[in-house]
Protein chains: 2
Amino acid sequence: MLSASAKTVARLSLYRRILTDCAARGVRSIYSHELAQTLQITATQVRRDLMVVGFSGSPNKGYDVEALLGSISTVLDRAGGEQVALVGVGNLGRAILSYFQGRYANLNVAAAFDQDPALHGRLIHGLTIQPMTKLSEVVAANGIYTAILTVPASEAQRVVEELIRAGIRGILNFAPLTLRVPEHIYIRTVDIAMKLETVAFFARQDAAREVYEA
Amino acid sequence: MLSASAKTVARLSLYRRILTDCAARGVRSIYSHELAQTLQITATQVRRDLMVVGFSGSPNKGYDVEALLGSISTVLDRAGGEQVALVGVGNLGRAILSYFQGRYANLNVAAAFDQDPALHGRLIHGLTIQPMTKLSEVVAANGIYTAILTVPASEAQRVVEELIRAGIRGILNFAPLTLRVPEHIYIRTVDIAMKLETVAFFARQDAAREVYEA
DNA sequence: ACTAAGTCGTGAAACCGTTCACGATGTGAA
DNA sequence: TTCACATCGTGAACGGTTTCACGACTTAGT
Ligand SMILES: NC(=O)c1ccc[n+]([C@@H]2O[C@H](COP(=O)([O-])OP(=O)(O)OC[C@H]3O[C@@H](n4cnc5c(N)ncnc54)[C@H](O)[C@@H]3O)[C@@H](O)[C@H]2O)c1
Ligand SMILES: NC(=O)c1ccc[n+]([C@@H]2O[C@H](COP(=O)([O-])OP(=O)(O)OC[C@H]3O[C@@H](n4cnc5c(N)ncnc54)[C@H](O)[C@@H]3O)[C@@H](O)[C@H]2O)c1
């Protein structure tokens, strides 16, 4: 069993994106420092990450693009493609649905759920919105164990529990709160307001530095 | 000049959210371990962060909620409120606009820009969409130095350069690529596809662990 | 065949953020 | 008043991640 940190896995995903692009442009091989430069990290970092997946390059040729793509995909991808459920088809949920439809070969939003009866049966970005009562059934039938959560914060904890009961084990949460989940559930929260506040803070700091220094 | 890491600033934003809620519920004081539990971090971590902002609590009373709120806000907030521009009013941009309108007292999306002439002058979630040619003028007039970037990846680098030329110093980018910016510009990228891939990976790992262990 | 140049793989060091551990401090009960 | 107790503030230890540094390797050119 491969043991990679979340940071390494995240970078592997980025390497793959670059490599896919290289392959499409007909580039056959690539050096660690080229990958590094594109992502603004160090070449050593790239080599470390590839070491984790057990891939070897060769001096003077670098890494074979096709082979590395295959190697990373073996690590990251689920056979048959990753099927994902989206729960909460509001403003953000819709944006995400539209974004993922058909964009990634191995990453497919396969079902969308919402509590609102007015949405049930409606076709949005290629998916028919289903009621929450269908969750367990659809998740089981499609072999889904990853979900995107875009419901209001006030509902999120309750919905997470429904998801887990339905067999979901990985959750990408957009509601701005810390969710309580059992040990074996993997959950990551994307807190946009917090990120924006952080950006604003450092933008201001840099401004101040410019003002007071030099 | 206060020197806090990005992680500390991010957590300060989360502390504030909790404290605001406490204040609204009439809670007068709070212990580090209570804040910690809500965010699923350690009490020591909380105390360290508050040390950075120079705030002191007292044994047996903990931290005064109102005073701490004030102290964090002094650090995080810009006098008069942070004004933010959003560039790229597509699916994601609209969702973000609708989310931020009137939700945060000190964090206001004050202007929205798009290249598409069909959108110019249209009122979306309370804002009139402006052409890119107005960028410099509006940014300067409103004292904006933070922007949310939700344009297609193919446009992002070019647009970032426009933003910087217009005086923007902090950027929250949603386009899935690494942008090249000068040293003094603070930029954070939220890569949703990468995050989702990471979640799917670890959800699968945990499944495997369950399968092979025990 | 040998040398020069450049990259790879990786042990060790450096770095940063988190956690431990404990003395200091303030509070309430006896 | 004094003691027992819970929490605070923080130096030191720890752990994970990144970077350094260098030997091994491959290839191109002479
Ligand atoms: N829109 C953004 O840009 C943005 C930014 C930051 C955070 N968020 C967070 O993302 C989440 C969604 O935001 P949004 O703007 O799309 O909100 P929204 O109100 O537009 O959509 C929420 C959707 O969830 C559905 N829903 C409510 N309760 C449900 C339940 N119990 N089960 C299933 N579905 C349920 C609603 O019917 C609605 O369709 C919120 O938690 C919000 O805080 C959004
Ligand atoms: N929608 C999502 O959930 C999602 C998820 C992950 C990443 N993203 C990224 O976020 C970005 C926006 O996604 P979206 O789904 O909203 O796309 P979209 O196509 O719906 O919207 C893009 C908007 O940007 C505008 N635009 C294009 N070029 C411009 C320019 N040069 N200057 C100003 N405006 C310009 C377009 O007119 C359009 O309104 C993309 O980079 C996408 O990859 C979106």
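Values below: every heavy atom of this structure, side chains too, minus hydrogens, waters and symmetry copies. Letters A, B, ... mirror the listed sequences (proteins, then strands); counts begin at 1.
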Between C1' of D:dT7 and CE of B:M51, the distance in whole Å: 16 Å
So, B:T146 versus B:R169: side-chain donor-acceptor pair below 3.5 Å or not? no
Please confirm whether the shortest side-chain N or O distance from B:R47 to OP1 or OP2 of D:dG9 is below 4.0 Å. no
For A:T8, report the nucleic acid contact type (base, sugar-phosphate, nothing); a contact means any heavy atom under 4.0 Å. nothing
note: B:E34, atom CD; D:dC8, atom C1'; distance rounded to Å ~ 14 Å
Identify whether any heavy atom of A:S58 sits under 4.0 Å from a base atom; if not, whether one sits that close to sugar-phosphate; answer base, sugar-phosphate or nothing. sugar-phosphate
Base, sugar-phosphate, or nothing: which does B:T42 touch, judged by heavy atoms less than 4.0 Å apart? sugar-phosphate
Would you mind reading off the distance between B:H33 atom NE2 and D:dC5 atom P, rounded to a whole angstrom? 17 Å
For the pair made of CZ in B:F55 and P in D:dG9, what is the distance, rounded to whole Å? 9 Å
Check: B:S5/B:T8 side-chain N/O donor and acceptor closer than 3.5 Å: yes
Whole angstroms only, please: what is the CG-P distance between A:N60 and D:dG29? 11 Å
Going by the angle between their ring planes, with limits at 30° and 60°, are A:H33 and A:Y31 parallel, tilted or perpendicular? parallel
Interatomic distance, B:Y63 OH vs D:dA6 C1' [rounded to whole Å]: 13 Å
Side chains of A:L86 and A:L127 in contact at under 4.5 Å (non-hydrogen atoms): no
May I ask you to decide if the ring planes of B:Y186 and A:F202 are parallel, tilted or perpendicular, using 30° and 60° as cut-offs? parallel
Result for 5'-nearest mapping on DNA chain C, choosing between A:A43 and B:K61, is A:A43
Under a criterion of less than 4.0 angstrom to any heavy atom of chain B, what are the 5'-terminal and 3'-terminal contacting nucleotides of DNA chain C? C:dG17 to C:dT27
Without hydrogens or angle criteria, can the side chains of B:T178 and A:Q40 be said to hold a donor-acceptor pair below 3.5 Å? no
Does one side chain, of B:N91 or A:Y99, offer a donor that lies under 3.5 Å from an acceptor on the other? no
Report the distance from atom CZ of A:R11 to atom P of D:dG16, rounded to the nearest whole Å. 16 Å
Roughly how many Å is it from CD in A:Q45 to P in D:dT18, rounded to a whole number? 4 Å
On DNA chain D, does the nearest nucleotide to B:R48 precede the nearest nucleotide to B:Y31 from the 5' side, or the other way round? Give the residue. B:Y31
